[in-house]
Colleague: 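Here it is, the structure, as structure tokens.
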Amino acid sequence: MTDVPEYLYHYTNLDTLALILKNKTIRFNSLKNMDDAEEVITGNSPYLGKYCFVSSWTSDEENIPIWNLYTRGMQGVRIRLKTYPFKKHKASLFYYNDGEEFDTYCPEELLKHDRIYVYPTIPFLRKVEYTDDDSKIFPSLITRLEKNASKSIHIEANFNDINRYKRKKWDFLSEWRYSLVLFPHNENGSLVFDLTERGEDLPFWNYDVSIDEGALETIEIMTGPKMTPGDKVLLQCLVEKYCPTATIVESKLKIN
């Protein structure tokens with residue numbers, strides 16, 4: 001795998017930062033909620049990618065297009081956290097690797113959820129690769145799919161290429177992604193995909209994953225190039241209340 005940076009960066013708005021600091025979580029969103037509408041599409045279905053939940057970061061320390069895209073006119077913040085800032089623990093799944101114990105960042109409540117299977121072989125963190133090869137952008141993930149009379153599904157698939165490629169026009173993001181692949185099942189343990197645009201087969205389409213307290217203590221928060229003086233005061237109040245060990249720094253960009 002590509003060498004993992006020591007730190008990764010996430011650009012967001014002040015109100016979202018408030019929730020991150022207060023709840024000590026990072027939100028993972030379904031690919032169906034991404035700004036790049038192609039991401040949810042696979043070679044098997046226009047909506048299969050919705051079962052992949054991601055948190056997008058960058059290795060680029062300061063990036064004008066990203067400030068513009070994700071921080072409401074450069075008035076938000078850029079946070080820096082050590083790579084893999086989430087809580088790590090040991091777990092086992094009866095359907096994975098003969099039930100052998102393994103290390104994971106996936107929240108325990110998801111692993112124990114009575115309507116969700118976690119697909120554990122997808123790399124939890126990897127660098128996005130940029131290409132214009134449609135066979136990579138829209139990978140065929142399912143090699144066999146059978147539905148019986150009760151609408152249960154038998155599937156043979158490899159999801160390792162999901163969430164892996166984006167078109168070259170997005171390469172300015174220098175993106176790294178944490179990801180979780182979650183599949184719905186019924187009370188009998190059978191997969192119950194709804195591969196339609198408005199499928200409601202999962203109980204949620206975003207999920208908040210806890211940050212390790214030690215990692216959060218070392219967070220660095222950069223103020224946007226156009227952040228207002230009032231928002232800087234609000235930021236200072238947020239840090240004092242929820243994360244007093246955080247470091248606040250100013251953007252090096254000077255933009256009118």
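Nothing here was measured: the structure is a model prediction, and the numbers come from that model.
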Colleague: Return the orientation label for the His10 and Trp57 ring planes: parallel under 30°, perpendicular over 60°, tilted otherwise.
Modeller: tilted
Colleague: For Asp35, does the CG atom sit with more than 12 other heavy atoms under 6.0 Å from it, leaving out its own atoms?
Modeller: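 Enclosed: over 12 neighbouring heavy atoms sit under 6.0 Å from CG of Asp35.
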Colleague: Hey, are Lys127 and Glu175 close enough for a salt bridge, meaning a charged N less than 4.0 Å from a carboxylate O?
Modeller: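 Here Lys127 does not pair with Glu175 in a salt bridge, since their nearest N and O are not under 4.0 Å apart.
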Colleague: Looking at Glu62 and Lys252, is any side-chain nitrogen of the basic one under 4.0 Å from a carboxylate oxygen of the acidic one?
Modeller: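 No salt bridge links Lys252 with Glu62.
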Colleague: Taking all heavy atoms of Pro123 and all of Ser179, pick out the closest pair and write down the distance.
Modeller: O-OG, 3.3 Å
Colleague: Can you name the closest pair of heavy atoms from Ala246 and Val239 and give their distance?
Modeller: CB-CG1, 3.9 Å
Colleague: Are the charged groups of Glu129 and Lys136 less than 4.0 angstrom apart, N to O?
Modeller: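 A salt bridge is absent here (no side-chain N lies under 4.0 Å from a carboxylate O).
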Colleague: When the aromatic ring centroids of Tyr119 and Tyr96 are compared, is their separation below 6.0 Å?
Modeller: no
Colleague: How far apart are the closest heavy atoms of Leu17 and Thr12, and which atoms are they?
Modeller: N-CG2, 4.3 Å
Colleague: Which heavy atom in Ile137 sits nearest to a heavy atom in Thr131, and how many Å separate them?
Modeller: CD1-O, 3.4 Å
Colleague: Could you tell me if the side chain of Leu180 sits less than 4.5 Å from the side chain of Val209, heavy atoms only?
Modeller: yes
Colleague: Enter the distance from Ser92:OG to Asp98:CG here, rounded to the nearest 0.5 Å.
Modeller: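 Rounded to the nearest 0.5 Å, the OG-CG separation comes out at 11.5 Å.
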Colleague: Between Ile255 and Met222, is there shared hydrophobic-cluster membership here, with clusters defined by ILVMFWY side-chain heavy atoms closer than 4.5 Å?
Modeller: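 Yes, Ile255 connects to Met222 through the hydrophobic network.
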Colleague: Determine the sole option in Phe86, Phe204, Tyr207 for which the ring pair (Phe, Tyr, Trp, His ring centres under 6.0 Å) test with Phe28 is passed.
Modeller: Phe86
Colleague: Salt-bridged, Glu38 to Arg167, with N to O below 4.0 Å?
Modeller: yes
Colleague: Using every non-hydrogen atom in the two residues, find where Asp60 and Phe172 come nearest and quote the distance to one decimal.
Modeller: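 The answer is OD2-O, 4.5 Å.
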Colleague: Decide, yes or no, whether a salt bridge links Asp15 with Arg72 under the criterion of side-chain N to carboxylate O below 4.0 Å.
Modeller: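 Salt bridge between Asp15 and Arg72, a charged N being under 4.0 Å from a carboxylate O: yes.
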Colleague: Does Lys88 pair with Asp212 as a salt bridge, N-O distance under 4.0 Å?
Modeller: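 No.
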Colleague: Using 4.0 Å as the upper bound for N to carboxylate O, is an ion pair formed by Lys168 and Asp171?
Modeller: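 Looking at Asp171 and Lys168, the cut-off is not met.
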Colleague: In terms of the angle between their ring planes, are Tyr84 and Phe124 parallel, tilted or perpendicular, with boundaries placed at 30° and 60°?
Modeller: parallel
Colleague: So, for Ser56 and Arg177, which heavy atoms are closest and what is the spacing to 0.1 Å?
Modeller: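 Closest approach of Ser56 to Arg177, heavy atoms only: OG-NE, 3.1 Å.
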Colleague: Which label fits Phe183 and Tyr51: parallel for a plane angle under 30°, tilted from 30 to 60°, or perpendicular past 60°?
Modeller: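 If you compare the ring of Phe183 with that of Tyr51, the planes turn out perpendicular.
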Colleague: Starting at CG of Asn160, measure out to CD1 of Ile122 and round the result to the nearest 0.5 Å.
Modeller: 4.5 Å
Colleague: Quick one: are the ring centres of Tyr130 and Trp170 less than 6.0 Å apart?
Modeller: no
Colleague: Kindly determine whether Ile79 and Ile20 satisfy side chain to side chain contact (heavy atoms under 4.5 Å, CB included), including the steps that lead there.
Modeller: CA-CA 10 Å; Ile79 65 174; Ile20 290 172; 4.3 Å; yes
Colleague: Within 45° of the ring axis of Tyr9 and under 6.0 Å from its six-membered ring centre, is that where the NZ or CZ of Arg80 lies?
Modeller: no
Colleague: Is any side-chain heavy atom of Gln236 less than 4.5 Å from a side-chain heavy atom of Ile248?
Modeller: yes
Colleague: Around atom NZ of Lys232, are there more than 12 heavy atoms from other residues, nucleotides or ligands closer than 6.0 Å?
Modeller: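 Correct, the count exceeds 12.
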